[in-house]
Structures are given as C-alpha cells and as structure tokens.
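See structure below.
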Amino acid sequence: MEIIHLSAECYPVAKVGGLGDVVGALPKYQNKLGHFAKVVMPAYQSKFLRENEFEAVYDGWSKLGFHSFPVRILREKNNKLGFDLFLVHIPGLMDRDMVYGYTDDTERFLAYQIAVLDWMAQWEHRPDVVHCHDHHTGLVPFMMANCQQFRVLSQIPSVLTIHNAQYQGQFGWDKLHYIPAFDLWHAGQLGWTGAINPLAAAIKASWRVTTVSPSYLDEISYHANGLESLLAQERSKSVGILNGIDNEVWNPHSDPMLEKKYAIRTADSGKKANKEALCRVFNLNPDRPLFTFIGRLVGEKGADLLPDIFYNALMQANGEMNVLVLGSGDPQVEGRLNHLKGQFPGNYNVFIGYNEQLSHQIYAGADFLLMPSRVEPCGLNQMYALRYGTIPIVRRIGGLKDTVVDIGDGGFGICHDQTSVWDVNHAMGRALDLYRDNKRIKEIRKLMMQLDHSWDQAAQQYIDLYQI
Ligand code: ADP
Ligand code: GLC
C-alpha cells in the first residue's frame, strides 16, 4: 500500500512531543512490512533541513483566500529515515524556527494543507490512504471530500489519528474564505460550537478515526474538551491503537547518547554508571533514589502540582532522596520549579528547556519516572522508561493505564488513581520502600526491560485498518 502521512511533527526533523516520535517511527515500521509509507510535512528552518540533501520535486502556486503563495516541495535524497520524506516549503509562513506558537498558525497550517493537496491532485497515480495526524492536518479529509479543486482525490480513504483531543485548532467563520471553494451546503461539517474546528471536521469527514490508546478512546466520550458527543456519535468508525516506540532509537544497548550502554544482563552496572554521570552534572548524590520528570510543563501533565509534590517528598525524606526535572512550559511552573533549587541544594535540580540528549540520559540514569498526568492519550515516556529499566510512577489514565501494571498486581510500575499531591506522594512512598529492596528492584527491572512495545504490532494494526 502507499500511505501518505501528514503531520506537523516528525522526529528527527521537528519534534515538540510524542507526535514527532510517532510520525518518525510508524512509517518506517510500515515500510518494513512491505508498504510504501511517506511523510509530507512543513519545511521549518531546522537543523535537519540544513544538514541533509534535498531535491525539489514540485514548484507551484497555491491560494489562501485571495492571496497566492509559492510552494516548493523538497524530497530528502538518501532515504535517511527509512521512508520518503517530503518537506513543504512556503516562504514566509513555514520557514521559521518553531513548529507552533505563532499568531498566524491558522494561516500557516491551512496553507500547508492546501499546498499538499494541490500537489497531490497533480500526481498521475492515487495513494491508497491519506493518514492525518491531529488538528494541523484536520481539514484535509474535508477538503479532499468536498473542494472542487481536489475532486480527483475524493475517493482516497482518509484516516485521522487523534493524538490529543485537547487541542483542536479552532478559528472564526470569518476565515471560511481560506478554504478552497466547495458546496456551501457542506459548511456545517467544518464547525463545532460556533467556530470552524479542524479536529471536529476531521472526525466527521475522515473515513476512520483512531486514538493512540484503547483507554483514551473510552475516556474521550466523557472528556474531550467539548467534543464528547461528536466522538460518541462517530464511535462506530473509531478504534484505539496503542502507540509503539522506535526500538532502534530507544535502545539502551546501542544509544549513543548514554554515558554507558547496557542490556538486560548488564542493567545494574549500566544504570549505575549513567546515574553517576547524571548526578555529577546536576550535583546530586548517586547513592540516593533518583525521582525524575520529563515533559511539557502544562496542566495536562499535572505539572502545576510538581512543586508541591517535590517539596513534600523532599521534606519527608529528610535528605534521603533526589529529584531531577527536565521540561518547559508554563512560566509560573518553571519559576516555582527553579525556586526549589535554592531550598534543596544537593537533593533537587531542574533543567528548564528542551534537550533530547539529556532526556535519554535521564531515562537511563533515573530510578523512577513520574507521570501524574490529568490527560494522557498514550504517553511515550513510560514506555521509554520501561525499556531503560526505570520504574514508572503513573496515574491510571489513558495510555498509562494500558501500558503500566502495578507491582502489587504482579507488574513493574507504581500506579495511583488521582492527579493529586497526596496520591503522588503516597506512590513515591511506595517507591522508596521498593528502592530499599535491591533484589526486588532487579527482578522488576528485568521484567520491564523484557517487555516489547515496539511498533511491529501497531504498524500492522494500522495496515489492517486502512483496508477500509
Ligand atoms: P506529549 O506528546 O504529550 O508531550 P509523550 O509522552 O507522548 O507526551 O511524548 C513526549 C516526548 O517528548 C518524549 O519523547 C519525551 O522524551 C520528549 N520530551 C518532552 N519534554 C522534553 C524536554 N524538555 N526535553 C527533551 N525531550 C522532551
Ligand atoms: C500526544 C499525547 C501523548 C501521546 C502523543 C503521541 O502528544 O499527549 O499522550 O503519547 O501524542 O501519540
């Protein structure tokens, strides 16, 4: 099958969170199964663009409302990622440093989607499926089905994967003229509660909808930032497929970013060496248990509670515990997390920012990784932690519920029910008890490192789904 993935992120080209990881891996695994999966994404001003070779495969003009803009599509020449990568260059709109966060994001991502469809409409053949990821590509299924200029694409099946229904990309009806001409009779398909809503439009117009874990599919029928009833209505075409991880990128045995590589057999000494290196950099004593958090500092991740969680835990532990945080987001949370450094020198540290290498080093060097998420459609951090022999402490929600089994139930993680300071502190108490039992830790480490969360299975599940 020929599968076209459309996404705003794709690791290592551009990554803000887990979406990048998924789109950087799934196509590679689909190709291993004998298919032709390709990624078509915006050309940001990225290191990847500067450091690799590209050839132009298309030059054209597209229109956003009354405004025409030039488009160049670049193809990466050496199949470096294990799939064909196409970058959509739109001067002035896409060639910026960040992926998101600009006041004209609506215009940027609409221009990208229109440019892709203009290009695809000129192909001499039709792909078997167009797979859209999140709201940045959410108007594609509607435009393929309804816009006159894309009529030749109308019979291509479209699939939407919802990575996070909290973000929907809404904009006002005053921008309706941005969307290429279609029979206005269908305009209702674009809207939800008074605005044009790309995620809602994609849920309505795509042939199939997927979520990134089965539990999240259940949860969004009562918690989806306003889309609950729509999702319930479209449930018959929806399926939850648990994300995998890229076992080649996330492999402690071959990870070039680590101080010391290790396998299951050498996990004890390997983790010890990585912990020591990490603790040296962050002025922490490696003999103490190391609790960590990696992620976006936003309410969804429970990040607003982290300062209180760590304050309580560190006070109670009386110096016998370390905490290390890597993340960025809400400036207030960043400020409070920074403030703790002065209160617990030698026991607590934080790196505010985004640092891919440090994230690998933390997964390898930590004893425990916290994920007190309020919403977690899948979550990849816990799967990376498992692969690196780090015990996840997670709230039972979404993909966390689907991937982490509590040690009390014969599993390998520590689970709690609520995103509350009390619940997380209690879970950390259980972790401290566990830490004292070295033999048990070793058994659990072995158990979790043996788990297989690779994409092999999920890649096939998507292929089965495409046979619509
Ligand atoms: P989400 O996509 O909701 O942020 P996921 O758990 O799916 O959450 O994926 C997060 C990804 O982003 C993981 O690869 C994680 O290691 C990475 N990540 C998050 N924050 C940072 C950071 N500050 N520095 C480096 N990597 C980060
Ligand atoms: C989203 C979700 C996260 C998921 C990721 C990849 O960012 O918040 O839970 O793991 O997408 O699907």
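Whatever order the structure lists them in is the order used to number ligands and atoms, beginning at 1. These numbers were taken from a predicted model, which means no experiment stands behind them. Residue numbers start at 1 and run along the sequence shown.
Heavy atoms only, all atoms of each residue included: Met448 and Pro392 are closest at SD-CD, 4.3 Å.
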For Lys260 and Asp255, what are the C-alpha separation, side-chain angles and deciding distance, and is it a salt bridge (Lys or Arg N to Asp or Glu O under 4.0 Å)? CA-CA 9 Å; Lys260 185 165 184 205; Asp255 190 334; over 6 Å; no
What verdict does the side chain to side chain donor-acceptor pair (under 3.5 Å) test give for Asp95 and Gln45, after you've listed the backbone C-alpha separation in whole Å, the side-chain angles of each residue and the deciding distance to 0.1 Å? CA-CA 5 Å; Asp95 49 352; Gln45 208 128 59; 5.1 Å; no
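Remark: Arg387 fails to qualify as a cation-pi partner of Tyr363 under the 6.0 Å distance and 45° angle criteria applied to the six-membered ring.
Between Lys301 and ligand 1, a contact under 3.5 Å exists for at least one N or O pair. Annotation: Cys378 places an N or O atom under 3.5 Å from an N or O atom of ligand 2; distance criterion only. Checked against a 3.5 angstrom limit, the closest N/O atoms of Gly18 and ligand 1 fall inside it. Distances between N or O atoms of Leu19 and those of ligand 1 include no value under 3.5 Å. Backbone and side-chain nitrogen or oxygen atoms of Gly17 are examined, and none is located within less than 3.5 angstrom of a nitrogen or oxygen of ligand 1. The distance criterion of under 3.5 Å between nitrogen or oxygen atoms is met by Asn164 with respect to ligand 2.
Cys415 has its side chain within reach of Val404: a pair of non-hydrogen atoms, C-beta onward, lies under 4.5 Å apart. Taking the side chain as every heavy atom from C-beta outward, Val350 and Leu340 never approach each other to under 4.5 Å.
Classification of the His360-Tyr388 ring pair by plane angle, with boundaries at 30° and 60°, yields perpendicular.
The 12-atom threshold is not exceeded at CZ of Phe36, counting heavy atoms of other residues, nucleotides or ligands nearer than 6.0 Å. Within 6.0 Å of the CD atom in Gln450, the count of heavy atoms belonging to other residues, nucleotides or ligands exceeds 12. More than 12 heavy atoms of other residues, nucleotides or ligands shown are found within 6.0 angstrom of NZ on Lys32.
Using a cutoff of 4.0 Å between basic side-chain nitrogens and carboxylate oxygens, Arg395 and Asp417 are not scored as salt-bridged. Lys275 and Asp367 are joined by a salt bridge, as a carboxylate oxygen and a charged side-chain nitrogen come within less than 4.0 angstrom of each other. Using a 4.0 Å cut-off between charged side-chain N and carboxylate O, Asp330 and Arg336 make no salt bridge. Contact check on Lys301 versus Glu376 returns a salt bridge, with a Lys/Arg side-chain nitrogen under 4.0 Å from an Asp/Glu carboxylate oxygen.
Under a 4.0 angstrom heavy-atom cut-off, Gly399 registers as lying outside contact with ligand 2. For Gly327, the closest heavy-atom approach to ligand 1 falls below 4.0 Å. At least one heavy atom of Lys15 sits closer than 4.0 Å to an atom of ligand 1. In this structure, Tyr384 has a heavy atom closer than 4.0 Å to ligand 1. His163 does not count as a contact of ligand 1, since none of its heavy atoms falls under 4.0 Å from the ligand.
With a heavy-atom cut-off of 4.0 Å, Asn355 touches ligand 1 through its backbone alone. By the criterion of a heavy-atom distance under 4.0 Å, neither the backbone nor the side chain of Glu300 is placed next to ligand 1.
For atom 4 (O) of ligand 1, the nearest protein heavy atom (residue, atom name, distance) is Arg296 NE, 2.8 Å. At the shortest separation from atom 9 (O) of ligand 2 among protein heavy atoms lies Glu376 OE2, 2.5 Å. Of the protein's heavy atoms, Tyr363 OH, 2.8 Å lies nearest to atom 16 (O) of ligand 1. Atom 22 (C) of ligand 1 has as its closest protein heavy atom Tyr354 CD1, 3.5 Å. Nearest protein heavy-atom neighbour of atom 11 (O) of ligand 2: His163 CB, 3.3 Å. Remark: minimum distance from atom 4 (C) of ligand 2 to any protein heavy atom is reached at Gly379 N, 3.6 Å. The nearest protein atom to atom 14 (O) of ligand 1, hydrogens excluded, is given as Asp21 OD2, 2.6 Å; this is a heavy-atom distance. Nearest non-hydrogen protein atom to atom 10 (C) of ligand 1 is Asn381 OD1, 3.4 Å.
In summary, the aromatic rings of Phe109 and His135 are positioned with their centroids too far apart to meet the 6.0 Å limit.
Below 4.0 Å from some heavy atom of Val212 lie the following atoms of ligand 2, by number and element: 12 (O). Against a heavy-atom cut-off of under 4.0 Å, Gly295 is close to the following atoms of ligand 1: 19 (C), 20 (N). Close contacts between ligand 1 and Gly353 involve ligand atoms 22 (C), 23 (N) [criterion: under 4.0 Å to a heavy atom]. Annotation for ligand 2: atoms under 4.0 Å from non-hydrogen atoms of Val22 are 6 (C), 12 (O).
Nearest residue to atom 6 (O) of ligand 1 from Ile362, Ile294, Leu380 is Leu380 (criterion: closest heavy atom). For atom 6 (C) of ligand 2, the choice among Asn243, Leu400, Val23 with the nearest heavy atom turns out to be Asn243.
Using a distance-only test at 3.5 Å, with no hydrogens or angles considered, no donor-acceptor pair links the side chain of Asn274 to the main chain of Ala364.
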